[in-house]
Amino acid sequence: MQLIVNVKKLNKRSSIPASLAEQNIVGTVLQGFRFEGEEITMLLNPILGKWYKDRDGYFYWGGGLIIDPVKTNNNTIGLPVNLPTDFKIGIDISHYNELINWAAIKDSDVSFVYIKISEGVGTPDRRANEHANNARQIGLRIGYYHFCRPDKRNGGSVISDATAEADEALKIIAGLQKPDLPLVLDLENQTGWDTPLNKQEYLLWVTTFLNRINEIFGTDCVIYSRKEYLDQKLPSTHNLGKYKLWSSYYPKNPDVNKLTCPIGWVDWAIWQYTDSGVIGSNAKIDINILKDSTLF
């Protein structure tokens, strides 16, 4: 279960003590600290109250903890441990998510959704409008993402191609529900395709796209990708770290404290921690944690 420290600080112990005076303290955690823990039922001294053990084998006195109120029954499950204060849960969807049980999502802790609107030029997502309308009806905050195909096929140059893709995204957004969240550049490869651009060309493409969106919207985009992909495609001296990062990484046991950023970023804003999330009767779905309150 997810647990939250609700006292100013709580001792972390190597074992359950026979008395609170026992010196087996290995550290402390502060109020608001979250972790995945299990209740220990076999106690040497039940007078000490409940005790919980975390995934690393350390023990905490239950009197300093509360159970995280995030719903875990038939809604979002398998949340990362060490969640930040005031985090938000969100999903991202595209036409691949055909039959969505929106009632289950409404009854969950999901508060935002990112919707795919386009890929390259000339390939709008056929369900973007439907998804946006349904999400708005159940009160979710809406954002859109564009799957980028950085190359030179539109206009014959890096700049003309990036501008064409940005204009494509802008045109589609104009016909959809007004977004609450910034536009996202989805930077990744897919089966049978990857960008043919070298690192400097790739950086120029991304920068051109970002500048074009800012020129029209007056706001900056969010960059979505995997750490290893951006480290491979961008020069190490790039200056994109000023843009918010949406990181994609699916560990077996997701832990907020163990998520590392690509070269050039010092922190992340959103984490897509699973592509196999369970929400009610829905098929497997991407689930995200948003920790940057400035986006919300």
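Just so it is clear, the values below take in all heavy atoms, side chains as well, and ignore hydrogens, waters and symmetry mates.
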- Within 6.0 Å of NZ in Lys9, more than 12 heavy atoms from elsewhere: no

- Task: For residues Pro84 and Val256, determine if any side-chain heavy atom of one lies less than 4.5 Å from a side-chain heavy atom of the other.
- Result: yes

- Task: Please name the residue in the list Thr208, Asn211, Asn154 that meets the side-chain contact (heavy atoms from CB on, under 4.5 Å) test with Thr163.
- Result: Thr208

- Message: Could you tell me if Lys12 sits above the aromatic ring of Tyr58, with its cationic atom closer than 6.0 Å to the ring centre and no more than 45 degrees from the axis?
- Response: yes

- Message: Please tell me whether Ile40 and Leu65 are part of a single hydrophobic cluster in this structure, the criterion being side-chain heavy atoms less than 4.5 Å apart.
- Response: yes

- Task: Answer yes if the ring centres of Tyr52 and Phe35 are under 6.0 angstrom apart, and no otherwise.
- Result: no

- Task: Work out which heavy atom in Val158 is nearest to a heavy atom in Glu201; give both atom names and the distance.
- Result: CG1-O, 3.5 Å

- Message: Under the rule for side-chain hydrogen bond (donor to acceptor under 3.5 Å, both in side chains), what residues qualify as partners of Asp275, not counting sequence neighbours?
- Response: none

- List the steps and the verdict of side-chain contact (heavy atoms from CB on, under 4.5 Å) for Asp180 and Arg136. CA-CA 10 Å; Asp180 308 293; Arg136 182 71 80 204; 2.8 Å; yes

- Task: Would you kindly confirm whether Val222 and Leu259 end up in one hydrophobic cluster when ILVMFWY residues are joined by side chain heavy atoms under 4.5 Å apart?
- Result: no

- Message: Using the side-chain hydrogen bond (donor to acceptor under 3.5 Å, both in side chains) criterion, which residues pair with Tyr249? Sequence neighbours excluded.
- Response: none

- For residues 251-267, the side-chain hydrogen bond (donor to acceptor under 3.5 Å, both in side chains) pairs (sequence neighbours left out) are Asn82-Asp255, Asp267-Lys291

- From Asp92 CG over to Lys116 NZ, what is the distance, rounded to the nearest 0.5 angstrom? 11.0 Å

- Test log, rule side-chain contact (heavy atoms from CB on, under 4.5 Å), inputs Ser94 and Tyr145: CA-CA 9 Å; Ser94 71; Tyr145 74 90; 3.7 Å; yes

- Donor-acceptor pair, Asp107 side chain versus Ala103 backbone, under 3.5 Å? no

- Among pairs that include at least one residue of residues 275-296, which meet ring pair (Phe, Tyr, Trp, His ring centres under 6.0 Å), considering only residues two or more places apart or in two chains? none

- Item | Nearest atoms (heavy-atom pairs only) where Cys221 meets Ile213 | SG-CG2, 3.4 Å

- Query: Judged by modelled atom types alone, do Tyr60 and Asp54 share a side-chain donor-acceptor pair under 3.5 Å?
  - Reply: yes

- Query: For the residue pair Phe147 and Gln190, what are the closest heavy atoms and their distance?
  - Reply: CZ-NE2, 3.6 Å

- Message: Measuring from atom OG of Ser236 to atom CD1 of Ile263, what distance do you get when rounded to the nearest 0.5 angstrom?
- Response: 6.0 Å

- Charged N to carboxylate O below 4.0 Å: is that the case for Lys244 and Asp220? no

- Query: Quick one: side-chain hydrogen bond (donor to acceptor under 3.5 Å, both in side chains) partners of Thr85, sequence neighbours excluded?
  - Reply: none

- Find out if a path of hydrophobic residues (ILVMFWY) with successive side-chain heavy-atom gaps under 4.5 Å connects Leu245 to Leu210. yes

- Message: What's the separation between atom CD in Glu38 and atom CG in Leu3, rounded to the nearest 0.5 Å?
- Response: 10.5 Å

- Item | Atom pair CD1 (Ile279) and CD1 (Ile105), whose distance is rounded to the nearest 0.5 Å | 5.0 Å

- When rounded to the nearest 0.5 angstrom, what distance separates CD in Glu119 from CD in Glu165? 9.0 Å

- Going by the ring pair (Phe, Tyr, Trp, His ring centres under 6.0 Å) test, name the single residue among Trp268, Phe112, Tyr114 that passes it with Trp246. Tyr114

- Task: For the residue pair Tyr144 and Asp125, confirm or rule out a side-chain donor-acceptor distance under 3.5 Å.
- Result: no

- Hey, what do you get for CG (Asn282) to CD1 (Ile93), rounding to the nearest 0.5 Å? 9.5 Å

- Task: For Lys88 and Ser111, work out which heavy atoms get closest and say how close.
- Result: CB-OG, 3.6 Å

- Kindly give the heavy-atom pair with the smallest separation between Ala104 and Gly280, and that separation in Å. CB-CA, 3.9 Å

- Message: Set out, in order, the CA-CA distance, both residues' side-chain angles and the distance that settles side-chain contact (heavy atoms from CB on, under 4.5 Å) for Ile89 and Ile289, then state yes or no.
- Response: CA-CA 5 Å; Ile89 299 173; Ile289 294 297; 4.1 Å; yes

- What residues form a side-chain hydrogen bond (donor to acceptor under 3.5 Å, both in side chains) with Ser118, not counting sequence neighbours? His146

- Which heavy atom in Asn24 sits nearest to a heavy atom in Ile16, and how many Å separate them? ND2-C, 4.2 Å

- Task: State which residue, out of Leu187, Asp161, Leu183, Ile159, fulfils the side-chain contact (heavy atoms from CB on, under 4.5 Å) condition with Phe209.
- Result: Leu183

- Message: Please determine whether a side-chain nitrogen of the Lys or Arg among Arg126 and Glu98 lies less than 4.0 Å from a carboxylate oxygen of the Asp or Glu.
- Response: yes

- Around atom CH2 of Trp271, are there more than 12 heavy atoms of other residues, nucleotides or ligands at under 6.0 Å? yes

